[in-house]
Number of protein chains: 4
Amino acid sequence: MAARQPGGILAPVATIFGADDELDLAALAANLGVYAESELDGVVLLGSTGEFATLDPHEREAVVETGVEAIAGRRVVMAGTGAESTRRTIEQTRHAAAAGVDFALVITPHYYKTRYDRAAMVRHYQMVAESSPIPILVYVMAAYTGLDLATPIIAELSRHPNIVGIKDSGGHAVKIADMMATVEPGFAVLAGSANSLLASLVLGATGGIVALGNVVPAPCKLLHTLYEEGRLDEAQALQLRLMAPNAAVTTTYGIAGLKAALGLVDLHGGRPRPPLLPLSDEEHADVRSTFAAAGLLGVPA
Amino acid sequence: MAARQPGGILAPVATIFGADDELDLAALAANLGVYAESELDGVVLLGSTGEFATLDPHEREAVVETGVEAIAGRRVVMAGTGAESTRRTIEQTRHAAAAGVDFALVITPHYYKTRYDRAAMVRHYQMVAESSPIPILVYVMAAYTGLDLATPIIAELSRHPNIVGIKDSGGHAVKIADMMATVEPGFAVLAGSANSLLASLVLGATGGIVALGNVVPAPCKLLHTLYEEGRLDEAQALQLRLMAPNAAVTTTYGIAGLKAALGLVDLHGGRPRPPLLPLSDEEHADVRSTFAAAGLLGVPA
Amino acid sequence: MAARQPGGILAPVATIFGADDELDLAALAANLGVYAESELDGVVLLGSTGEFATLDPHEREAVVETGVEAIAGRRVVMAGTGAESTRRTIEQTRHAAAAGVDFALVITPHYYKTRYDRAAMVRHYQMVAESSPIPILVYVMAAYTGLDLATPIIAELSRHPNIVGIKDSGGHAVKIADMMATVEPGFAVLAGSANSLLASLVLGATGGIVALGNVVPAPCKLLHTLYEEGRLDEAQALQLRLMAPNAAVTTTYGIAGLKAALGLVDLHGGRPRPPLLPLSDEEHADVRSTFAAAGLLGVPA
Amino acid sequence: MAARQPGGILAPVATIFGADDELDLAALAANLGVYAESELDGVVLLGSTGEFATLDPHEREAVVETGVEAIAGRRVVMAGTGAESTRRTIEQTRHAAAAGVDFALVITPHYYKTRYDRAAMVRHYQMVAESSPIPILVYVMAAYTGLDLATPIIAELSRHPNIVGIKDSGGHAVKIADMMATVEPGFAVLAGSANSLLASLVLGATGGIVALGNVVPAPCKLLHTLYEEGRLDEAQALQLRLMAPNAAVTTTYGIAGLKAALGLVDLHGGRPRPPLLPLSDEEHADVRSTFAAAGLLGVPA
C-alpha cells in the first residue's frame, strides 16, 4: 500500500484521554474501528489534531501501535513522526514503520526557526528520508509552528524518491498553485483542512487530511467525489456548507471543539490534555447548533 | 452597465509616466485603446498597480477622465477612489461617477489601522456607499495596507444595496470560501490576482482583477472561459503556467516588472514613479525569459 | 536654530477640526500658543498624531503656516513632510522650509513596501536631503506603515550631512541600541513616545517626540531632566507612572483619546476626522480616570 | 538560596555534544566549573541556548543533575522545566527541585497557541506553581515560540507567591515598562539578552539571563555593576560595545555562533545538534573578528 501516491480523504484522528488525562487506548481503538468502515480513505495518527505535542515518547509509540492494530489494513495509516531533532525524528519514523504505518508525516522542526534555513531544512528531510523504511510526507503547519517552507524548498524536497508528498495547512491558494507548478510530477499535495479542500483539488491536490473527517466522514469524502465527477455546482455548495462546522472543530474551538463534536455523533471525545481547556457549556451548545444548522446531525450528507 | 454584477477579467491598468516622472496621458490612452479591443471585460483605473498612491489629486482626476474617454464605453471601467479620510473618498468617488466610471473600487483606509475596527470601517463604507452615484466595491489589499477586513465585516457590508462586491487580494482560499458562505447573494467576489483566479472561481468568484491582464489579456480571459466551460484539466494547466509570469509582474518585481513586461508586448511601459526603482538589466532579462518560458511571447495563448 | 542637534521634549501636536470636520486653525494656534510658553522644547506639526494622513495638500500647508506663526520662534518647530512619492515629499519639504520650519520629519514611503528595499529607501532619503533647505529627520512608524528600516539602512542615512536624526516609534530597546552603536556621531535618535523615553535616553537618545506632551508637558520634560541629573530612582518611578496615561492617548484610544485628554486640561481637542471615531462616554471616562489615577489632573507634576 | 529574589547576571549555558551528537556531560561540567568561579551570579540549565528543545527526557534529567553537581552551591542554578503539557511540566519541575535546582524557568507552552488564552495560561502556571517545591519564573520567548503573554496576564501571575519573576526575551522597552508598572512588588523582571540589559535595568529589572555570559562573563557583569554604581556614560558605552558580539552569538548565528565563540575563549563548544548546522568557515571567522573588534579576546573587560 505504501507504494502508491497518498491521496483521498484522511482524518487526523483525535487522541482520547480518560480520567487524570491518561491515554484511553481502548476509546481510540473504538473510534478507529468506526473509521475503518467509513467513507474515509485513511487516518493519520499523531497529527496536530491528535495532540502529539503533549504526548511523551512512550505514549506516542502506544498510539501508533494501537492505531495500526485497530485499522488492521482496512485503510491507509499515516503517523506523525516529526520531532525537534533530526535523530529523534528518525527514531520515531523507524518505530512507525516497524509498527506497520504506511506513510510518515514529518512536521517541520521549528523551535530554532531563525536558523532553520533552506540548507538546514533540506538536510533534515533528506536524512529522515534516507533512513526511513516508508515514504515520508512533509508537514507544514505554520499557524502552530511559526515556520513556513518556501516553495523552492518544497520543490527541492520533492525530487527525493522517498519524499512523496506534503500536507500544507496554510490553505493559501497561491502557495498551493506555486507548489503544484514546481514540484516533481507525482508528488502529492494534500489539503490540510476541509476548508481549503475544493480549492486545493482544482489546483491538483490528490486529497486532504481534514479534521472534520473525524466527525462527519461522509460529506468530506462526498466533496472529493463531487469534484472528481465534475459536479462543480454541487461541490461548491457543499464546500461552503462545510465552512462553519469546519471552523467549529478547528480555528474557532480547536481540539476541544472537535472532541465536543465527536460526542455529538456517538464517538469517543472527552477533554483535551491541559493546558488546553475543555469548552464551556455555551461553546458546546454553539458547536452543536453549528453542526445542526449545516444539516450534519442525524441526517445523511 | 453599472447595474449588472461586476465580473469577468479586468486589468488594473498601469499609469504611464514620461520624462521627469510626469503623467503621460497619451501613452495611457494608447494602452487603453488596445485593451478596449482585447479579450478583457474591463479595466481598473487608479488601482495599486496604477500607482494611485503616488498621484496627486489632480493627477488622479486626469487619469480617470482620460481613461473613460479612451475606453469610450467599449468595456467596463472601474476606478480606485479610496483615500485615508471618508470625506476625500467621497469626493473622489463622486468625481469618478461624474466622469463616467461604472464602478468605484474603494480601498480600505489604513494608516490609523489600530483604530479601524468594525464600527469605523462599516461607518466609512456606508457613508461612501450612501453618497456615491455609482455602485462601489470594497478593496482589501493587506500586503500593502497592513489592514485586512474580517469576514463578518465583509458580510455586513454586502447587505448594503450600493456595495456590490469586493476585490480581495489575499489569495487565501479559506478567506474566499468564508466570504462566499456568508455574503449577500449577488455580492461579487473578485480574485485580486491571476495567481488565485482558478481557486477563486471554483469557490464562486465572478472573475478577477488581474495585473497580468495588462500584458497578456488573452490567456487570462481563457482561464476564465475554460473554467466556465468545465474544462478543468486545461484550466488547471493554464493556471499553473501563469504562475511564474504573474509573479514576475507582481510579487517579485512589482510595478517595475509589469512595466518591463509591457515593453515586451509593444505597449507603453516605462518606469514607475520614485521611490519605486526601475529594473536592473538582469531583472529585465529575467522578466523576458519568464514570459518566454511560459510561451507568452509572440504566440497566441 | 536648525543648525543644532534636535533633542529635548517635543509634542507632535494634534490638528483641530471644527464642525463638518473642517480645519480649525484658530484652535490649533491657541493650543500652540500655550505650548510655546510651556516646558516643551518644541512641537511637531503634521505628525501621525496630527492626522497628516487625512489632510489634503492645501490643508497641510495651512497647518504649517499657522503653526510657525503661532510658535513665533519661541520653540523648535518640526513638520512632517513625507509623502508616498519622492517628488511630493520634496515639494512639501521645500514648502515647510519656506514657511520657517526648523526640521523636516520625513516618514518612510510605505505603500509599495514589498519593493522599498535598501536601494530605494536610500535613494529616496538622499534625494530629499539634497533638495531640502533644512535638515531632515527620518521617521519610522512601523505600527502604522508596516515598514521598518533595518539598522544598516539607518546607519547609511546617518552619514549624509543633511540627515540629522531619526524618530523611531518602535520602542524596541535592541533596535535603539543597535542604531546608537552604528550611526554617525552626532546623529540624533529621538524616542517616539513617552513610553520608551527613559530606555531611549539611557541608550543615548537626545530626547523624544511624545504625544503625551500635548496634554501634560511638565512631567514629560521632568522625566528628561531627572535622567540628565542622574536621579534615576525618581526617573524610573515617573516613567512607570506615565505608562497608563500614555497608553490612553496612544495605543489604547489613539488620537480620539488624545483629543479627549486635551479637553481635560482646557486645551482645544474635539473629534478626529472620520473614519476615526470619537470616544464613547465610557472610554472618555476611562481616559479621565486614568489621568486622575496618575495624579496628572489639577496638580503639578 | 531559593528564598531570595532572582537577579544579577546569569548565563543560559550551552549543552555540549560529542561525536554522534551524544551529550558530553564531562565537557558541560568543565564549563560549569569555570562559570562557578567567574563573575557570573548564576547559570541556567536547559534554556533555549541550552538546546532543551532537542533533548529527550532522560537527557534533560542528566543535564540538570550534572549541572547542580558541577556548580556545587557556588552560584545560583536555574533550570528550564517547561513542556507542552502541564503534567510533563510539573514532572520536570519536580525533578529539578529534587536535584537541587534553585529556580525553575518555565517556558510558555506554545504549540496550540491559538487556544492558549489568558484562562489557559493562568491555569497552567498556577498548577505548576502550586505543585513546585521551588519558586518558578515565567519564560516568554516569542521569537521561538510565537507566543507572547500580554502584560495583564503577567501581572496576574505575579500575584502568586511561588511565581517570583519573568524572563522576557523580547527586549521591548514598552513591554518591560508596562510589566514593571503593573506586577506585584518584588516580582523580578530579568532581561533576556545582553542587548537589552541596560534598558531593562533602568526600568527596574533585577538583572539578566544573557547568552553572551557564556563567552565573556566579566563585561556582562560589569555592565550591571556600572549601572548600579550610577556610572551611566560608561554603562552606555559598554552596552553599545556589546551589541555586535551579542548579535553574533544570538540573533545572527544562534547557538552555532555561541559554540564557535566558546572555542575562542578555551571553553568547550562544538556543534549544535541537527537540524541546527555548524558555522561555515567564513561565519566562524566573522564571529572571531566581531569579538576581536569589540576588544573581547585576550584582554580583560
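So that the names make sense, note that chain A is the first sequence line, chain B the second, and so on, each numbered from 1.
- Neither the backbone nor the side chain of C:Met127 comes within less than 4.5 Å of any heavy atom in chain B.
- Interface remark: C:Pro274 contributes backbone and side-chain atoms alike to the contact with chain B (heavy atom separation under 4.5 Å).
- Within the 4.5 angstrom heavy-atom criterion, only side-chain atoms of B:Glu59, from C-beta onward, approach chain C.
- Remark: C:Glu84 CD to B:Glu51 CD distance equals 10.5 Å, nearest 0.5 Å.
- Looking only at side-chain heavy atoms (C-beta outward), B:Arg123 and C:Pro275 stay at 4.5 Å or farther from each other.
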Go through the steps to decide whether C:Thr54 and B:Tyr111 satisfy the test side chain to side chain donor-acceptor pair (under 3.5 Å), and finish with yes or no. CA-CA 9 Å; C:Thr54 60; B:Tyr111 191 72; over 6 Å; no

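- Contact annotation for C:Thr145: both backbone and side-chain heavy atoms come within less than 4.5 Å of a heavy atom of chain B.
- Interface summary for chain B: among C:Ser48, C:Ala143, C:Pro272, C:Pro57, the most heavy-atom pairs under 4.5 angstrom belong to C:Ser48.
- Only the side chain of B:Tyr116 has a heavy atom closer than 4.5 Å to any heavy atom of chain C.
- Heavy atoms closer than 4.5 Å to chain B are found nowhere in C:Leu55, neither backbone nor side chain.
- Note on C:Arg88, C:His124, C:Arg115: by heavy-atom pairs under 4.5 Å with chain B, the leading option is C:Arg115.
- With a 4.5 Å cut-off on non-hydrogen atoms, B:Leu147 does not touch chain C at all.
- If you measure heavy-atom distances from C:Phe52 to chain B, the contacts under 4.5 Å come from both the backbone and the side chain.
- Annotation: the span from B:Thr114 atom OG1 to C:Tyr144 atom OH amounts to 4.0 Å, rounded to 0.5 Å.
- Within the 4.5 angstrom heavy-atom criterion, atoms from both the backbone and the side chain of C:Ala120 approach chain B.
- Between B:Arg87 and C:Asp21 no salt bridge is recorded (no basic side-chain N to carboxylate O distance below 4.0 Å).
- Heavy atoms of C:Asp56 lying under 4.5 Å from chain B belong exclusively to its side chain.
- With a 4.5 Å cut-off on non-hydrogen atoms, C:Ile107 touches chain B through its side chain but not through its backbone.
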